[in-house]
Amino acid sequence: TSINEHVSMKRVIFILCEHHVVHSIQNQASTLLLPRLSNGRFPAKVAKQQMRILFTLALVAMLTSATAAPVPRFGVNQDFVWTRDDQIPGLVQAMKDARVQAVRISIRWTTAEPERGKWDFTKVDSVVHALRDARIEILPVLMGVPVWASGVKPAEVKGFYDCCPPLQMEDWREYVRQVVSRYRKEIRFWEIWNEENGEDFYKPLPNAAQYVGLLKTAHNAIKAIDP
């Protein structure tokens, strides 16, 4: 849970992030409270009411932030799938030395299950454990569909062949289940796909309706395992 707030006489913005769901409340003073007087000032009762509201928001922010785990504010992107095993410790140490708080990594389906039913998390395990030992937060991207699940022929695909959606939603659901079940204690944030609005990473062309189906399926699978 994380709270950030900004208060001014013209606007009250209160953002509450709880379990990765963001609720935003934005109200103008003229509609939040009673109308102003003809001279532009607030009546005394309205001013007191406004102060009570602002004080309440500030109090909730302080109480919530006091017990919440801090949310990283400085991070980098590194696709460790392409990093040699012997380079991982040095790279993680360099991130730690640079005070990196979070790393966005890809947990590619094609790496975890290159053949149907044959799971291999060796590479991902080493990366996740190294980052957590360094106390670096992880934002994993669930993506990278293996050819057995997409049915495509790599030689016929221009660019990244693992960016084609799966033929069966149940296969995608099982991949999400496997990953989240394995890392639910080390990872608390999840990102579904990468740049799904561009043809480089969603082939053959971006498809909003199709992506929403993948997103909903992943969301339900994640929540069932890690509410």
Side-chain angles (χ1 to χ4, degrees), residues 18-22 75-85 88 102-132 136-227:
E18 182 175 8
H19 301 297
H20 324 318
V21 178
V22 179
V76 297
N77 183 86
Q78 170 63 30
D79 199 335
F80 279 97
V81 170
W82 314 119
T83 304
R84 293 204 323 257
D85 292 345
I88 292 176
V103 178
R104 180 177 181 265
I105 68 173
S106 298
I107 300 183
R108 295 175 183 271
W109 184 4
T110 188
T111 301
E113 192 186 16
E115 298 180 49
R116 183 188 291 274
K118 295 184 178 181
W119 297 93
D120 183 4
F121 288 98
T122 305
K123 180 80 171 188
V124 183
D125 281 350
S126 64
V127 172
V128 169
H129 295 158
L131 290 172
R132 296 309 294 147
I136 297 176
E137 195 79 59
I138 301 170
L139 173 61
V141 185
L142 301 181
M143 59 178 293
V145 181
V147 293
W148 64 262
S150 65
V152 303
K153 297 180 180 179
E156 298 177 0
V157 178
K158 182 180 179 180
F160 304 115
Y161 63 82
D162 65 344
C163 292
C164 298
L167 296 175
Q168 302 296 326
M169 194 64 74
E170 183 55 38
D171 292 332
W172 167 258
R173 182 183 291 109
E174 182 59 23
Y175 153 65
V176 175
R177 284 185 190 138
Q178 290 283 341
V179 175
V180 176
S181 296
R182 191 176 189 88
Y183 301 113
R184 63 187 299 267
K185 293 183 179 180
E186 290 93 356
I187 296 174
R188 55 179 176 147
F189 304 109
W190 302 93
E191 182 177 350
I192 311 304
W193 216 274
N194 174 64
E195 297 182 26
E196 62 281 346
N197 60 334
E199 59 185 276
D200 285 341
F201 289 95
Y202 202 100
K203 297 184 177 298
L205 291 171
N207 186 319
Q210 193 176 56
Y211 171 70
V212 168
L214 294 170
L215 183 62
K216 287 183 176 180
T217 299
H219 172 272
N220 293 337
I222 292 170
K223 287 297 184 181
I225 297 169
D226 187 13

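For the numbers below, each heavy atom of this structure counts, side chains included, while hydrogens, waters and symmetry mates do not.
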Colleague: So, Tyr202 and Gln210: side-chain donor and acceptor under 3.5 Å apart, yes or no?
Modeller: yes

Colleague: Got a sec: does the CD of Glu199 have more than 12 other heavy atoms crowding it under 6.0 Å?
Modeller: no

Colleague: Using a cut-off of 6.0 Å, state whether more than 12 heavy atoms not belonging to Tyr161 lie near its atom OH.
Modeller: no

Colleague: Measure from the side-chain N and O atoms of Asp226 to the backbone N and O of Ile222, and report whether any donor-acceptor pair falls under 3.5 Å.
Modeller: no

Colleague: Using atom types as modelled and distance alone, determine if a side-chain donor or acceptor of Arg132 lies under 3.5 Å from a backbone N or O of Ile136.
Modeller: yes

Colleague: Can you check side-chain contact (heavy atoms from CB on, under 4.5 Å) on Val145 and Cys164, steps first, answer last?
Modeller: CA-CA 7 Å; Val145 181; Cys164 298; 5.9 Å; no

Colleague: Checking side-chain contact (heavy atoms from CB on, under 4.5 Å) between Arg104 and each of Asp79, Val76, Asn194, Ile138, which is the one that passes?
Modeller: Asn194

Colleague: Would a distance-only check, ignoring hydrogens and angles, find a side-chain to backbone donor-acceptor pair under 3.5 Å from His129 to Asp125?
Modeller: yes

Colleague: Could you check if a side-chain atom of Val127 sits within less than 4.5 angstrom of a side-chain atom of Ile105, using non-hydrogen atoms only?
Modeller: yes

Colleague: For the backbone of Asp162 and the side chain of Trp109, can you confirm whether one donor and one acceptor N or O come within less than 3.5 Å of each other?
Modeller: no

Colleague: Which heavy-atom pair separates Pro154 from Val147 by the least distance, and what is that distance?
Modeller: CG-CG1, 3.6 Å

Colleague: Parallel, tilted or perpendicular: which one describes the rings of Trp172 and Tyr175, with boundaries at 30° and 60°?
Modeller: tilted

Colleague: Would you find a donor on one side and an acceptor on the other, under 3.5 Å apart, between the side chain of Arg184 and the backbone of Ile225?
Modeller: yes

Colleague: Closer than 3.5 angstrom, by distance alone: can the side chain of Thr217 be matched with the main-chain N or O of Leu214 as a donor-acceptor pair?
Modeller: no

Colleague: Do Arg116 and Asp171 have side-chain heavy atoms sitting under 4.5 Å apart?
Modeller: yes

Colleague: Does a side-chain heavy-atom distance below 4.5 Å link Trp193 with Val141?
Modeller: no

Colleague: For the residue pair Thr111 and Phe121, establish whether any side-chain heavy-atom pair is separated by less than 4.5 Å.
Modeller: no

Colleague: Quick check: do Arg188 and Glu137 have side-chain heavy atoms less than 4.5 Å from each other?
Modeller: yes

Colleague: Is there a side-chain contact between Ile192 and Tyr211 (heavy atoms, below 4.5 Å)?
Modeller: yes

Colleague: Is a side-chain donor or acceptor of Lys203 paired with a backbone partner of Lys158 at a separation under 3.5 angstrom?
Modeller: yes

Colleague: For a quick test of reading the model, state the closest non-hydrogen atom pair linking Pro140 to Ile107 and the distance between them.
Modeller: CB-CD1, 3.6 Å

Colleague: Is the count of non-hydrogen atoms from other residues, nucleotides or ligands lying under 6.0 Å from Phe160 atom CZ greater than 12?
Modeller: no

Colleague: Do Leu142 and Val179 come close enough that some side-chain heavy atom pair is under 4.5 Å?
Modeller: yes

Colleague: Can you tell if the side chain of Ile88 reaches within under 4.5 Å of the side chain of Lys123, non-hydrogen atoms only?
Modeller: yes

Colleague: Go through the steps to decide whether Glu174 and Glu113 satisfy the test side-chain contact (heavy atoms from CB on, under 4.5 Å), and finish with yes or no.
Modeller: CA-CA 11 Å; Glu174 182 59 23; Glu113 192 186 16; 5.9 Å; no

